[in-house]
Amino acid sequence: EVQLQASGGGLVQAGGSLRLSCVVSSFTGRYGFHDYAIGWFRQAPGKEREGIACISRGGVNQYYVDSVQGRFTASRDNAETTVYLQMNNLRPEDTAVYFCAADNTAGEYCYVSDYSYNLWGQGTLVTVSS
């Protein structure tokens, strides 16, 4: 079964940057990494999980929610089967556990609704101090 592993979280001061990685592996059957859109989600303490960014399978299309638009950038390296989330100008309200998820039904687009995704990785904790 396809596996996703997010990493790169840590403690950073407000205004700082982090880059998260999501390594996708163990492909079986007809789908490869290039077939999957990847979404980034986060869950802050006491709050529901929210989708914040995604990148299409070809990398051409991306989507960001307003709260991270202009600060976060998703990219992908198909050769390394890895998707990145560059997070700049971090704020205390960005503190959360961050997850990546894979969707092979999105075609050339991507979505930040979690019902689109059927493969999820373990999260990585991002803590932003004020």
Legend entry - Trace of the side-chain contact (heavy atoms from CB on, under 4.5 Å) decision for T82 with F33: CA-CA 9 Å; T82 301; F33 181 71; 5.7 Å; no
Legend entry - Criterion side-chain contact (heavy atoms from CB on, under 4.5 Å) on Q86 and R19, from CA distance to verdict: CA-CA 4 Å; Q86 178 66 42; R19 189 178 77 160; 3.5 Å; yes
Inset, instruction - Check whether more than 12 heavy atoms from other residues, nucleotides or ligands sit under 6.0 Å from atom CD of Q122, and answer yes or no. - result: no
Legend entry - Heavy atoms from other residues, nucleotides or ligands near OH of Y111 exceed 12 (cutoff 6.0 Å): yes
With a 4.5 Å limit on heavy-atom distance, are the side chains of [X] and [Y] in contact?
X	Y	value
D114	W120	yes
R42	S67	yes
F27	D35	no
T73	L85	no

Legend entry - Gap between atom CD of Q5 and atom OG of S21 - 0.5 Å precision: 10.5 Å
Legend entry - Rounded distance [0.5 Å steps], NE2 in H34 versus CG in N104: 11.0 Å
Inset, instruction - Verify whether one side chain among R76 and N78 offers a donor that lies under 3.5 Å from an acceptor in the other. - result: yes
Inset, instruction - Go through the side-chain N and O atoms of N88 and S17 and say whether any donor and acceptor fall under 3.5 Å apart. - result: yes
Could you report the tightest heavy-atom contact between [X] and [Y], atom names first, then the distance?
X	Y	value
A44	T95	CB-O, 3.5 Å
A37	A106	CB-CB, 4.1 Å
S56	E108	CB-O, 3.4 Å
L18	L90	N-CD1, 3.8 Å

Inset, instruction - Kindly say whether the aromatic ring centers of Y117 and F41 come within a distance under 6.0 Å. - result: yes
Could you state whether [X] and [Y] fall into the same hydrophobic cluster, counting links through intermediate Ile, Leu, Val, Met, Phe, Trp or Tyr residues with side-chain heavy atoms under 4.5 angstrom apart?
X	Y	result
Y98	V65	yes
V112	M87	yes
V23	V126	no
L20	F99	no
Y109	Y31	no

Inset, instruction - Return each pair, listed once, that meets disulfide bond (SG atoms under 2.5 Å apart) where at least one residue sits in residues 19-90; pairs must be two or more places apart or across chains. - result: C22-C100, C54-C110
Inset, instruction - For S26 and V2, indicate whether the former's side chain and the latter's backbone hold a donor-acceptor pair under 3.5 Å. - result: no
Inset, instruction - Please identify each residue that fulfils ring-ring contact (aromatic ring centres under 6.0 Å, His included) with Y36, with sequence neighbours left out. - result: none
Inset, instruction - Start with the C-alpha distance between L119 and L4, add both sets of side-chain angles, then the distance that settles side-chain contact (heavy atoms from CB on, under 4.5 Å), and finish with yes or no. - result: CA-CA 8 Å; L119 296 168; L4 297 90; 3.7 Å; yes
Legend entry - Salt-bridge contact R71-D94 (side-chain N to carboxylate O under 4.0 Å): yes
Inset, instruction - Check the pair V24, I38 against side-chain contact (heavy atoms from CB on, under 4.5 Å), reporting the backbone distance first and the verdict last. - result: CA-CA 10 Å; V24 188; I38 302 296; 4.2 Å; yes
Inset, instruction - Could you name each residue pair satisfying ring-ring contact (aromatic ring centres under 6.0 Å, His included) that touches residues 67-86, not counting sequence neighbours? - result: none
